[in-house]
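What follows is a set of notes on a single structure, which appears directly below.
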Amino acid sequence: MAPTSYQAPMRGDKEDKHTYSQSAESNLSHSQTTVAKLLEGKGDAIFAVRPNDTIGHVVDVLKEKHIGALVVTDQNGDLQGILSERDIVRRMAETPGHTLPQEVSALMTTAVKSCTPDDYLHDVLKTMSEGRFRHMPVLKDGKLAGMITVGDVVNYRLKELEYETLRMKQMIVG
């Protein structure tokens, strides 16, 4: 028997005419998951500092809690701003050796983008991406209800995709 030669697949050869591609839009748009759903699994722990705390204190809290940003609140717990590692590093470059004694109020971002528990993760991720920030406070009725990060959203979606893949495999086998 003579060997057959290989012929590259041609357009239209496949029986299944559907294509399946993934993008950030397709991965998140069909899933109308809310911030509240993410917080159910993550928890609503909030670590905060006050405007008159020092950057040295902030650095200690960030290190101790293994987090990348803190909300800044007043004595009533109302959101006043946010301060991230990135903010601190930039200030250290501007004021080498003089940053740690400075007050939080001198570095914090006061125009804080926030979300609500009812917001869709897709919308929150888009806002974070466009604004080029990684941490977003969650406000419910004007009060702090949690903090989410880009990593939280991505990890949540990865778990959803793993679950969907498992379900599809079970449907194919079963």
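No hydrogens, no waters, no symmetry mates; every other heavy atom, side chains included, goes into these values.
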Please table the atom pairs, donor to acceptor, closer than 3.5 Å between any side-chain atom in residues 125-143 and protein atoms at least two apart or in another chain.
{"from": "T127", "atom 1": "OG1", "to": "D123", "atom 2": "O", "distance (Å)": "3.0"}
{"from": "K143", "atom 1": "NZ", "to": "D78", "atom 2": "OD1", "distance (Å)": "2.8"}

Nearest atoms (heavy-atom pairs only) where [X] meets [Y]:
X	Y	answer
C115	V124	CB-CG2, 3.8 Å
L107	I88	CD2-CA, 4.1 Å
E85	L62	CG-CD1, 3.9 Å

Measure the shortest side-chain to side-chain distance between [X] and [Y] over non-hydrogen atoms and say whether it is less than 4.5 angstrom.
X	Y	value
R50	Q80	no
Y156	T33	yes
V72	L79	no

Quiz item: So, the side chain of T54 versus the backbone of H57: is there a donor-acceptor pair under 3.5 Å, distance only?
Solution: yes

Quiz prompt | Side-chain donor/acceptor of D53 to backbone N/O of V49, under 3.5 Å | solution = no

Quiz item: Can you find a side-chain donor-acceptor pair between T95 and Q102 that sits under 3.5 Å?
Solution: yes

Give the cluster check for [X] versus [Y]: same hydrophobic cluster or not, with ILVMFWY residues linked at side-chain heavy-atom distances below 4.5 Å.
X	Y	result
I46	V112	yes
V58	F47	yes
I82	M92	no
I67	I148	no
V71	V61	no

Distance-only criterion, 3.5 Å: show the donor-acceptor pairs between side-chain atoms of residues 34-42 and protein atoms not counting sequence neighbours.
{"from": "T34", "atom 1": "OG1", "to": "K37", "atom 2": "N", "distance (Å)": "3.4"}
{"from": "K42", "atom 1": "NZ", "to": "M147", "atom 2": "O", "distance (Å)": "2.9"}
{"from": "K42", "atom 1": "NZ", "to": "D152", "atom 2": "OD2", "distance (Å)": "2.6"}

Quiz prompt | CZ-OG1 distance between R90 and T99, expressed to the nearest 0.5 angstrom | solution = 13.5 Å

Self-check item: Test salt bridge (charged side-chain N to carboxylate O under 4.0 Å, His left out) applied to E94 - qualifying residues, sequence neighbours left out
Solution: R91

